[in-house]
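Beneath this line is the structure, given in structure tokens, with notes to follow.
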Amino acid sequence: MVNEKYHGLGTAPSVIRELFAYGLQQAKVVGKENVFDYSLGNPSIPAPAKVNETIKKLIDTTDSIQLHGYSMAPGFENVRQAIADNLNARFNCNAKASELFMTCGCAPALVSVAHALTTSPEDEFIAIAPFFPEYNVFFTCAGAKLAVVPADTVHFQIDMDALEKTINEHSVAVVINSPNNPSGVVYTEETLKKIAELLEKKSKEYGHPIYIVADEPYRELVYDGVKVTFIPNVYDNTIVCYSWSKSLSLPGERIGYVYVPEKCADAKAVYDTVSGAAREIGSVCPPTLTQKVIGECVGEMPDLAAYEENRNLLYNSLTEYGYECAKPDGAFYLFVKAPNGDAVAYSEKAKLDHNLLVVPGDGFACPGYFRLSYCVSNDMIKRSLPAFKAMIESYK
Ligand code: PLP
């Protein structure tokens with residue numbers, strides 16, 4: 001006997017993983033250079049040199065027992081202080097070490113917050129389509145419901161009327177992911193201020209705080225100098241979930257945090273409950289070595305030139321061929337309208353006819369669009385362009 005729910009999760013097909021596996025298989029048949037895999041969001045730029053230098057230095061200079069030992073539950077105080085100092089320097093937000101809780105990446109940060117805020121099976125978290133498919137798992141497994149605001153497919157900002165209609169007395173939090181996976185869009189400060197106003201009004205109306213859960217692993221991945229508003233600066237009741245998986249290209253190192261600002265409603269209780277929830281899911285004591293690396297490298301910024309070049313090449317070429325998509329200001333995704341509105345059929349045809357692997361938007365709650373992860377080599381993009389062209393022409 002095994003748990004049916006978790007068995008279901010463990011065996012459910014994943015479109016992204018299947019496409020990736022298909023790509024590996026096809027590479028053996030037609031050659032790696034003839035497979036155009038846009039399925040995975042795995043960073044393709046190396047971590048800044050200082051990261052590896054710091055790892056080497058720490059290994060050479062730190063006592064092995066200490067370096068590989070457990071850390072305390074919330075993470076090392078000096079590391080959290082370095083993160084707080086960095087946030088304060090960039091966002092003037094008065095962050096304190098005591099408001100930060102270190103986690104093994106952004107996923108456990110989100111899951112801990114989901115568990116911490118859920119108090120009844122009627123509780124609802126609100127996601128704005130298109131959104132990261134794992135939200136379905138994170139929030140429903142915490143015992144809450146996931147309510148969905150349909151996508152604004154014109155600008156991929158947020159349909160405020162639809163959001164207002166989705167909020168009710170069971171609403172616990174709105175999950176905001178900007179820069180967004182899969183659209184690459186950055187929500188404007190104007191949009192975020194409107195959400196803050198709406199949530200203040202609704203919190204009063206229902207007599208309890210409605211939080212924003214800011215899911216921010218792509219915060220530093222922006223182009224053309226676009227500003228990513230730090231959401232706690234526009235809405236007090238914001239809980240931030242962050243990781244260095246994308247910003248420092250460290251997804252395998254599993255390091256991130258939850259930030260519960262003191263000004264947030266019930267901040268102490270929320271922080272302590274996040275800590276308790278992290279215990280339940282076993283996401284405890286994030287790696288000591290990696291925490292120490294972050295403590296020294298928190299000021300490092302990614303070199304985004306390669307992503308920017310990829311974005312420009314892909315966006316300019318696809319729109320020239322006649323594809324429609326919102327210009328992404330951040331992350332490393334492009335969310336493209338399928339030529340005849342059926343992204344599942346487009347993805348299948350692209351796969352079979354051209355070994356071109358794109359992810360249908362259905363899993364992101366936005367059918368009719370497909371996602372391209374452009375964290376790939378620029379050469380692969382160049383080689384894949386004839387396939388995109390042939391695909392759209394086949395629909396004319
Ligand atoms: N949130 C979003 C929007 C993501 O795209 C991802 C990973 O792709 C995560 C959270 C999880 O990040 P991590 O790998 O740090 O757990």
Side-chain angles (χ1 to χ4, degrees), residues 14-17 19-20 38-45 47 51 75 83 100-115 125-139 141-142 146 148 151 156 158 173-187 212-222 228 231 239-259 274 277-278 281-284 286-287 290-291 293-294 302 307 328-335 359 361 363-366 371-376:
S14 151
V15 178
I16 296 179
R17 300 274 152 200
L19 282 169
F20 179 65
Y38 288 97
S39 63
L40 288 186
N42 207 359
S44 59
I45 58 173
V51 169
I83 298 166
L100 291 158
F101 184 86
M102 302 302 292
T103 60
C104 303
C106 199
L110 287 161
V111 174
S112 302
V113 170
H115 278 72
F125 287 83
I126 298 174
I128 318 284
F131 59 84
F132 182 45
E134 289 298 281
Y135 289 173
N136 289 302
V137 181
F138 297 168
F139 295 101
C141 287
L146 190 68
V148 176
F156 286 93
I158 295 176
V174 179
V175 187
I176 300 287
N177 169 224
S178 173
N180 183 263
N181 175 8
S183 72
V185 161
V186 174
Y187 296 140
I212 285 180
V213 175
D215 175 18
E216 301 204 323
Y218 301 95
R219 189 197 291 144
E220 287 78 18
L221 270 60
V222 277
V228 180
I231 304 179
I239 300 165
V240 177
C241 297
Y242 181 84
S243 75
W244 286 271
S245 298
K246 318 287 178 172
S247 60
L248 291 187
S249 295
L250 296 174
E253 304 305 338
R254 312 309 303 142
I255 192 77
Y257 62 74
V258 178
Y259 168 48
V274 164
I281 62 165
S283 175
V284 291
T290 318
Q291 282 194 56
V293 171
I294 291 299
Y307 290 153
D329 289 322
F332 38 51
Y333 306 109
L334 215 65
F335 204 49
V359 182
F364 302 93
C366 193
R371 187 189 78 170
L372 304 177
S373 300
Y374 57 80
C375 37
V376 295

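Numbering of ligands and ligand atoms starts at 1, following listing order.
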- Would you give the length of the straight line joining atom CG of N180 to atom CD1 of I158, rounded to the nearest 0.5 angstrom? 8.5 Å
- Note on the structure: Residue set satisfying side chain to side chain donor-acceptor pair (under 3.5 Å) with E253, at least two apart, ordered chain then number -> none
- Query: Which residues satisfy the side chain to side chain donor-acceptor pair (under 3.5 Å) test with N181, sequence neighbours excluded?
  - Reply: R371
- Message: Taking salt bridge (charged side-chain N to carboxylate O under 4.0 Å, His left out) as the definition, give me every residue that meets it alongside R254, ordered by chain and number, with sequence neighbours left out.
- Response: none
- Heavy-atom closest pair (A127 atom, L146 atom, distance to 0.1 Å) is CB-CD1, 4.0 Å
- Task: Can you spot which of Y218, Y38, Y374 makes a ring-ring contact (aromatic ring centres under 6.0 Å, His included) with F332?
- Result: Y218
Show the distances, to 0.1 Å, for all pairs joining an N/O atom of ligand 1 and a protein N/O atom that are shorter than 3.5 Å, listing one pair per line.
residue: ligand 1; atom: 1 (N); partner: D215; partner atom: OD1; Å: 3.1
residue: ligand 1; atom: 1 (N); partner: D215; partner atom: OD2; Å: 2.7
residue: ligand 1; atom: 5 (O); partner: N181; partner atom: ND2; Å: 2.9
residue: ligand 1; atom: 5 (O); partner: Y218; partner atom: OH; Å: 2.7
residue: ligand 1; atom: 8 (O); partner: K246; partner atom: NZ; Å: 2.9
residue: ligand 1; atom: 14 (O); partner: S245; partner atom: OG; Å: 3.3
residue: ligand 1; atom: 14 (O); partner: R254; partner atom: NH1; Å: 3.1
residue: ligand 1; atom: 15 (O); partner: C106; partner atom: N; Å: 2.9
residue: ligand 1; atom: 15 (O); partner: S243; partner atom: OG; Å: 2.8
residue: ligand 1; atom: 15 (O); partner: S245; partner atom: OG; Å: 2.6
residue: ligand 1; atom: 16 (O); partner: C106; partner atom: N; Å: 3.2
residue: ligand 1; atom: 16 (O); partner: A107; partner atom: N; Å: 2.8
residue: ligand 1; atom: 16 (O); partner: R254; partner atom: NH2; Å: 2.7

